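First up is the structure itself, then whatever we jot down about it.
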Amino acid sequence: MDPANRLVVTDLAALAEALGQDDRAAGACEAVADWLMGLGHAAQAARWRSWSLLRPAEGQWRAGLVELEALLDAPRRGAELADPLATRDRLAARAHAAGLPAQLCRSVAVLEEEHGDPWEAERWYRASLRAQRAQPLVWLLLARLLLKQGWTDEALLAVETGLQLAPGHPWGLKLRGHALLATRAWVSLAELERCGALPAELDLPGERHRRQPRPLWPGPAPSPLPLPLLLALRRDLLRRPALWLLLHSRRAAPCVWAAEQELLPPDLLIQPIASRDPLAVRQALGTMPCRCQPEETSGLLYDLPAPVGLVVVERPLGRGLHRALGLLRQQPAPPPMVAPVGLLAAGEGAGAYRERLRHAGWCLWWPVQEHG
């Protein structure tokens, strides 16, 4: 069980201490609201939930603690609190019977997360958001859960959605900072720091030097391609769909180079996915003569909106390549792929590729069934 929730049921003094601290008050109010909802006290839960967004005066939350103490002294309520699994099952049954309303789904999600089942917790959080999308704290709770599981791209998208609904929410700013630190998104962190949107506790002096602007290429800028090779590549890219996927990127370097070489098809649309440094990628794509979609999570790879002309994939951080790339390679008309040298292999069968070009540490893989 989450320590913040233990405070609600066993240690009101520690809860009072949390409510008196700026960085813990919102989470403590949320924990109290979830337990009250689990006990069926909807009105009190709604009041505590509103306090998580707008911090109450000390007199207000102390009066709330008096009410909590009375509830905790009731034997029947104490028995329910002593069996959180029974409470979870009872709330889940109520949620299904009521058509999955947002608040009940959210309460079940919190209990699932406390019980140590992140997959069920995510499912219930998303059910709550389907019922009512405009719940900033649910987006932040989902972001925290995803960040704990290592899904930083989805966590970033969830926390950005929460911050759009509740701009400047201190917990949201902190979660976003932790997610960007997890992906070593130094350019994004530097920009947030410049705008005053980086919580002070995340401003790590030892990392400050790593947030300074860096050149696009680690070594000398790539030289232009020989003209015959450049013309052949431009011809073949123009024949392909005008949708490029940019996966796990930090600076969008291959796309910037392609623009400099005039290799971009007309009306090109670039879709960044699970970028490791989202603001750096957005800045780079903003300098190019093409249209750019908002950042998406890696889940989009399973449900692409249109045929893909090219996939640019950089080395992911701390995990293997996304399995959906294998599905892309097995399509009837698989897209060419650009990746750092050594990241991809030629493959066999319908998904076989050949190395067409190696340049400046990058490799262009072309489907064997096409003759570029």
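All values derive from a computational prediction rather than experimental measurement. Excluded from the calculations below are hydrogen atoms, water molecules and symmetry mates; all remaining heavy atoms, backbone and side chain alike, are included.
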Inset, instruction - Determine, for E113 against K148, whether the closest basic-nitrogen to carboxylate-oxygen distance falls under 4.0 angstrom. - result: yes
Legend entry - Minimal non-hydrogen separation, W124 against A92, with atom names: CZ2-CB, 4.0 Å
Inset, instruction - Over all heavy atoms of both residues, which pair between T297 and I273 is shortest? Give the atoms and the distance, please. - result: O-CG2, 3.4 Å
Inset, instruction - Evaluate the ring-ring contact (aromatic ring centres under 6.0 Å, His included) criterion for residues H178 and W171: first the C-alpha distance (whole Å), next the side-chain angles of each, then the deciding distance (0.1 Å), finally the verdict. - result: CA-CA 11 Å; H178 281 300; W171 188 36; over 10 Å; no
Inset, instruction - Report yes if some heavy atom in the side chain of P224 is under 4.5 Å from a heavy atom in the side chain of Q261; otherwise report no. - result: yes
Inset, instruction - Check which hydrophobic residues are tied to L238 through side-chain heavy-atom contacts below 4.5 Å, counting indirect links as well, and list them. - result: none
Inset, instruction - Take R251 and Q283, measure what side chain to side chain donor-acceptor pair (under 3.5 Å) needs, and give me the verdict at the end. - result: CA-CA 9 Å; R251 303 290 299 279; Q283 292 172 1; over 6 Å; no
Legend entry - Spacing of OG1 belonging to T161 relative to CG belonging to L129, to within rounding of 0.5 Å: 9.0 Å
Legend entry - Shortest non-hydrogen separation from L140 to L175 and the atoms involved: O-CD1, 3.4 Å
Inset, instruction - Please test S128 against Q135 for side chain to side chain donor-acceptor pair (under 3.5 Å), starting from the C-alpha separation and ending with a verdict. - result: CA-CA 9 Å; S128 178; Q135 299 183 86; 3.0 Å; yes
Inset, instruction - Check P335 against Y353 and note the closest heavy-atom contact, atom names and distance. - result: O-OH, 2.5 Å
Inset, instruction - For P307 and P241, work out which heavy atoms get closest and say how close. - result: O-CB, 3.4 Å
Legend entry - L237-L229 co-clustered via ILVMFWY side chain contacts under 4.5 Å: yes
Legend entry - Euclidean distance, W51 CH2 relative to Q60 CD, rounded to 0.5 Å: 6.0 Å
Legend entry - Rounded distance [0.5 Å steps], CD in E295 versus OG in S249: 9.0 Å
Inset, instruction - Would you please name every residue forming a side chain to side chain donor-acceptor pair (under 3.5 Å) with R55, sequence neighbours left out? - result: D22
Legend entry - R356 CZ to C363 SG distance, which is reported to the nearest 0.5 Å: 12.0 Å
Legend entry - Within-4.5 Å side-chain heavy-atom neighbours: V110 and Y125: yes
Inset, instruction - Decide whether V159 and L53 are clustered together by the hydrophobic rule: side chain heavy atoms of Ile, Leu, Val, Met, Phe, Trp, Tyr closer than 4.5 Å, transitively. - result: yes
Legend entry - Contacts of type side chain to side chain donor-acceptor pair (under 3.5 Å), residue R47, not counting sequence neighbours: E67
Legend entry - Residue pair V313 / V338, side-chain heavy-atom distance below 4.5 Å: no
Inset, instruction - For residues W244 and V311, determine if any side-chain heavy atom of one lies less than 4.5 Å from a side-chain heavy atom of the other. - result: no
Legend entry - Any side-chain donor near an acceptor of the partner, Q103 and R49, under 3.5 Å: yes
Legend entry - L328 to L245 - nearest heavy-atom pair and separation: CD1-CD1, 4.4 Å
Legend entry - Pair E122-R144, salt bridge (charged side-chain N to carboxylate O under 4.0 Å, His left out): steps then yes or no: CA-CA 10 Å; E122 180 184 352; R144 181 185 64 179; over 6 Å; no
Legend entry - Cluster overlap L157 with L137, hydrophobic side-chain contacts below 4.5 Å: no
Legend entry - I270 vs Q293 side-chain heavy atoms within contact, under 4.5 Å: no
Inset, instruction - Check the angle between the aromatic planes of W257 and H359 and answer parallel, tilted or perpendicular using the 30° and 60° thresholds. - result: tilted
Inset, instruction - Find the distance between CH2 (W119) and CD (E112) and round it off to the nearest 0.5 Å. - result: 14.0 Å
Legend entry - Atom pair SG (C255) and CG (L285), whose distance is rounded to the nearest 0.5 Å: 6.5 Å
Inset, instruction - Establish whether W365 and V341 are linked, either directly or via other cluster members, by ILVMFWY side-chain heavy-atom contacts under 4.5 Å. - result: no
Inset, instruction - Output yes when E314 and R250 qualify as a salt bridge under the 4.0 Å nitrogen-oxygen rule, no when they do not. - result: no
Legend entry - Note, L180 side chain near T152 side chain (heavy atom, < 4.5 Å): no
